[in-house]
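Please read these numbers as outputs of a predicted model, since none were measured by experiment.
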Amino acid sequence: MTYMSIDLLIAAVFVIIGILFIKSNGKGCYFISGYNLASPEERKKL
């Protein structure tokens, strides 16, 4: 029973993260790729 409740909790966390990622309007992709860490000059090259 404990494993099942942990699995459901992890599934809920993944669903919440997925919803937030979709609502970020692409900012989540920039965060994961490290785009925000680049200087403005480096961003212009991309």
Side-chain angles (χ1 to χ4, degrees):
M1 187 68 177
T2 304
Y3 293 120
M4 192 165 135
S5 60
I6 292 172
D7 285 341
L8 290 174
L9 178 65
I10 292 172
V13 168
F14 275 123
V15 168
I16 291 169
I17 290 173
I19 290 170
L20 292 174
F21 190 84
I22 290 170
K23 289 187 176 186
S24 73
N25 295 324
K27 293 179 185 174
C29 294
Y30 289 147
F31 178 74
I32 289 175
S33 67
Y35 181 80
N36 294 334
L37 300 175
S39 67
E41 292 82 22
E42 291 175 354
R43 290 183 200 161
K44 289 179 184 176
K45 293 178 184 176
L46 301 174

Listing, residues 22-29 side-chain donor-acceptor contacts under 3.5 Å, not counting sequence neighbours, or none:
from : atom 1 : to  : atom 2 : distance (Å)
S24  : OG     : F21 : O      : 2.8
S24  : OG     : G28 : N      : 3.1

Cluster companions of I16 among Ile, Leu, Val, Met, Phe, Trp, Tyr (side-chain spacing under 4.5 Å): L20
Can you give each donor-acceptor pair under 3.5 Å made by side-chain atoms of residues 1-14, sequence neighbours left out, with the distance rounded to 0.1 Å?
from : atom 1 : to : atom 2 : distance (Å)
S5   : OG     : T2 : O      : 2.8

